[in-house]
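Shown next, in structure tokens, is the structure this report addresses.
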There are 2 protein chains.
Amino acid sequence: MSGTTDILIDISTAILRAHDGMLQFRALQDAGQTAKRLPFGPFMPDRHRTMEIGLRQWVREQVGVDLAHVEQLYTFADQGRYKSGEGRHVVSVGYLALARAEDAAGGAWDDLYSYFPWEDWRDGRPDMLDTIILPALDTWLTQNEEARARVRLAFGRDGAQWDEEFVLERYELLYEAGLVEEAARDGRNGKPQTAMLGKAMQLDHRRISATALGRLRSKLKYRPVIFDLMPDRFTLRALQQTTELVLGTALHQQNFRRLVEKSGFVEATGKTSRARGRPAELFRFRHGNRADRPLAGLRVSGGRKPSTTK
Amino acid sequence: MSGTTDILIDISTAILRAHDGMLQFRALQDAGQTAKRLPFGPFMPDRHRTMEIGLRQWVREQVGVDLAHVEQLYTFADQGRYKSGEGRHVVSVGYLALARAEDAAGGAWDDLYSYFPWEDWRDGRPDMLDTIILPALDTWLTQNEEARARVRLAFGRDGAQWDEEFVLERYELLYEAGLVEEAARDGRNGKPQTAMLGKAMQLDHRRISATALGRLRSKLKYRPVIFDLMPDRFTLRALQQTTELVLGTALHQQNFRRLVEKSGFVEATGKTSRARGRPAELFRFRHGNRADRPLAGLRVSGGRKPSTTK
DNA sequence: TGATATTATGCTCATTTTGAGTATAAATAA
DNA sequence: TTATTTATACTCAAAATGAGCATAATATCA
């Protein structure tokens with residue numbers, strides 16, 4: 001008597017790596033499709049004892065990457081965001097996976113920030129925010145007054161701080177405002193906007209990718225996941241650059257060093273790497289035996305502000 | 001060609017409130033069943049445009065509580081943890097909801113910590129950890145050497161800190177070790193253990209509740225969700241007690257006050273509440289207009305330790 | 001009524017953490 | 001050799017944190 005409708009569960013995985021100074025993810029190009037997609041496939045309970053087993057099967061078959069970290073993100077089930085399924089209702093479970101560049105050589109990797117250009121603040125606040133996004137959102141807000149508080153929080157307006165973790169919230173607002181191509185594709189806000197922001201993806205895959213980036217940025221601050229993006233040995237500089245890639249912000253080098261050294265997560269190997277300047281010590285990740293203390297210092301702050309003492 | 005098996009999605013919600021000095025959740029008693037359950041029901045895509053709509057329907061029909069905050073927790077799909085579904089594969093989506101005691105009057109509410117007695121540290125470290133749990137886990141570990149690192153992290157052994165957020169990890173280990181009734185029920189580790197820890201629940205509902213508690217403890221530290229458990233006006237003492245309930249730890253009163261006052265999340269109403277001692281100022285939650293800064297100071301610490309300067 | 005218990009609140013103090021620099025070292029490139 | 005580049009050490013002030021003492025304002029009880 002209960003849910004008689006056929007339900008199909010799709011498992012999609014955003015696989016991230018740090019490579020070539022870019023935060024990249026594995027994107028597949030289907031013949032006849034402009035938009036790319038994540039590796040994905042149906043959850044088949046008869047064959048997959050757990051969803052993670054299903055995920056690993058589709059990843060193995062479609063992209064063959066060694067995954068260093070796997071984490072469930074969210075289950076999306078709202079109508080209209082997922083066209084496909086031949087009449088069946090599709091529920092979409094998104095996963096985040098991390099890979100080391102060394103273990104993830106082949107295949108096509110895309111720059112994640114080309115899908116979310118407004119998220120990369122390493123060279124300062126992106127111009128497009130003030131020239132395109134905020135004005136467009138303002139226009140939209142005149143029709144959608146109730147969304148004002150969400151925009152304020154997500155985009156850090158009117159005195160609110162930009163929170164680098166709100167990746168999904170920002171993407172969702174852009175979708176609702178009809179500023180990303182997926183919105184038009186899903187038949188939402190029929191008006192063809194002048195500028196469609198970032199590259200589109202198939203199905204709900206950009207939404208899943210946004211969730212992945214947000215979750216990773218958040219997780220960095222309390223678990224040592226950053227090391228799942230690093231090779232076996234690395235300089236502190238390389239670690240910092242990867243962290244900056246993920247967070248989308250520049251960090252203070254000396255303070256980053258201090259933070260990481262004190263965290264107990266790394267140990268020196270005694271070897272050094274030579275590149276252009278002074279050779280840097282090579283470190284390695286120090287497994288679990290340390291009390292896992294958070295890298296809370298990675299919290300991005302807009303600089304010191306005098307505390308509001310009236 | 002894809003997943004031909006019929007899949008049923010169940011939506012279960014752990015609804016929490018703070019009442020009578022207890023952290024309570026809404027538990028339903030089915031006739032003929034010893035174990036209680038959460039409100040739950042199938043996701044029906046034809047009727048439910050989103051899962052949250054489905055959740056709200058089941059909550060309305062089964063318990064009629066006004067929800068102040070709703071948040072998806074996790075989607076569980078592993079075999080053998082969910083007996084039911086008449087041959088269909090059941091995927092279980094868990095939600096956390098918060099309610100104000102005022103809006104959630106009727107019905108049966110259970111003390112959450114009676115299901116997780118090892119999680120309540122307000123009066124210090126629970127005895128059962130050293131008298132029952134850790135010895136039993138040690139015995140189990142002799143057969144399951146690979147789980148040692150997980151036990152160390154989850155239960156804070158061998159120098160690791162107890163992390164109050166690892167509620168699910170602890171429950172899962174107790175399940176795997178056969179120390180909670182659900183393990184025997186699911187046919188895992190047939191040996192009837194002497195002491196079954198905490199009260200059992202139907203299906204995977206204790207697992208969902210564990211996830212809910214862990215998520216809430218974590219979220220407290222970076223979003224002002226605690227106020228969704230508070231009445232309209234409250235003293236700082238009441239706020240602290242609710243926080244302690246959720247975290248399962250005692251906090252330093254003066255420092256808690258300093259933290260909350262500085263956070264900008266509350267404003268004085270000018271009125272006072274009278275009880276036994278000196279009357280306390282009544283505060284109210286100050287909505288969004290403040291930059292949402294984290295209540296990071298809520299991070300529970302085992303006290304100051306001299307930093308390991310060699 | 002007055003002493004006592006109870007709770008709230010203000011304040012201090014020593015550490016630690018954090019943000020922001022300056023200074024120096026060790027390599028390569030010109 | 002000098003300039004350039006990168007790594008690393010150190011300093012300093014501001015802010016946050018952990019711990020506690022002191023005092024205020026009420027109820028309760030003898």
Side-chain angles (χ1 to χ4, degrees), chain A residues 21 161 221-222 233-241 243-244 247 249-264 266-283 291 293-310, chain B residues 21 161 221-222 233-244 247 249-283 291 293-310:
Chain A
Q161 277 279 315
K221 290 159 199 152
Y222 56 100
R233 280 132 194 269
F234 48 83
T235 64
L236 292 187
R237 185 58 162 158
L239 185 67
Q240 178 178 350
Q241 276 163 343
T243 306
E244 291 176 332
L247 290 179
T249 330
L251 300 172
H252 184 286
Q253 180 167 341
Q254 298 92 316
N255 292 347
F256 181 82
R257 161 176 284 270
R258 177 175 65 189
L259 179 76
V260 172
E261 281 185 326
K262 221 181 27 173
S263 76
V266 299
E267 58 189 3
T269 62
K271 318 216 163 184
T272 55
S273 103
R274 46 213 153 140
R276 223 160 354 177
R278 169 174 170 178
E281 174 102 42
L282 282 169
F283 289 80
R293 48 182 292 183
L295 282 174
L298 287 186
R299 197 176 303 281
V300 174
S301 81
R304 181 104 58 188
K305 267 165 234 159
S307 86
T308 355
T309 20
K310 354 170 190 177
Chain B
Q161 278 278 316
K221 290 159 199 152
Y222 56 99
R233 280 133 195 267
F234 48 83
T235 63
L236 292 188
R237 185 56 163 160
L239 185 67
Q240 176 178 351
Q241 275 163 344
T242 306
T243 307
E244 290 175 332
L247 291 179
T249 330
L251 300 172
H252 183 286
Q253 180 167 341
Q254 296 93 319
N255 291 347
F256 181 83
R257 162 175 283 269
R258 177 176 65 190
L259 180 76
V260 172
E261 280 184 328
K262 221 181 30 174
S263 77
F265 283 130
V266 299
E267 57 189 6
T269 61
K271 318 217 165 183
T272 55
S273 102
R274 48 218 152 136
R276 220 157 0 172
R278 172 174 169 177
E281 174 101 41
L282 281 169
F283 288 80
R293 47 182 296 183
L295 283 174
L298 287 186
R299 195 177 305 281
V300 173
S301 81
R304 181 102 62 188
K305 268 165 235 159
S307 87
T308 354
T309 20
K310 354 171 192 174

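In this text, all values refer to a predicted model and were calculated from it rather than measured experimentally. Residue numbering restarts at 1 for every chain, and letters A, B, ... go by the order of the sequence lines.
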- Message: What contact category does A/Gln253 fall into here, base, sugar-phosphate, or nothing, at under 4.0 angstrom with non-hydrogen atoms?
- Response: base
- In Å, rounded to the nearest 0.5 Å, how long is the span from CD of A/Glu261 to CG of A/Leu236? 6.0 Å
- Round to the nearest Å and state the distance from A/Phe283 atom CZ to D/dA7 atom P. 11 Å
- Which is true for A/Arg237 with a 4.0 Å heavy-atom rule: it touches a base, it touches only sugar-phosphate, or it touches nothing? sugar-phosphate
Which atom pairs link the protein and nucleotides 21-24 of chain C when you take only N or O atoms and keep those under 3.5 Å?
from: C/dG21; atom 1: N7; to: A/His252; atom 2: NE2; distance (Å): 3.1
from: C/dT22; atom 1: O4; to: A/Gln254; atom 2: NE2; distance (Å): 2.6

- Sequence-distant partners of A/Arg276, side-chain hydrogen bond (donor to acceptor under 3.5 Å, both in side chains), two or more places apart: none
- Which whole-number value in Å describes the distance from A/Leu239 CG to D/dA7 P? 12 Å
- Check side-chain hydrogen bond (donor to acceptor under 3.5 Å, both in side chains) between B/Gln240 and all other residues, then give those that pass, not counting sequence neighbours. B/Glu244
- Query: Does A/Lys262 have a side-chain nitrogen or oxygen under 4.0 Å from the phosphate oxygens OP1 or OP2 of C/dT16?
  - Reply: no
- Item | Qualifying residues under side chain to side chain contact (heavy atoms under 4.5 Å, CB included), relative to B/Thr269, sequence neighbours excluded | B/Arg233, B/Lys271, B/Leu282, B/Arg284
- Task: Measure from CD on A/Glu261 to C1' on C/dT16 and round the result to the nearest Å.
- Result: 17 Å
- Which residues within residues 266-276 of chain A lie with some heavy atom under 4.0 Å of an atom in DNA chain C? A/Ala275, A/Arg276
- Message: Counting distance alone, no hydrogens or angles: does the base of D/dG18 have a donor or acceptor under 3.5 Å from a partner atom on the side chain of B/Arg258?
- Response: yes
- Item | side chain to side chain contact (heavy atoms under 4.5 Å, CB included) partners of B/Ala275, counting only residues at least two apart | none
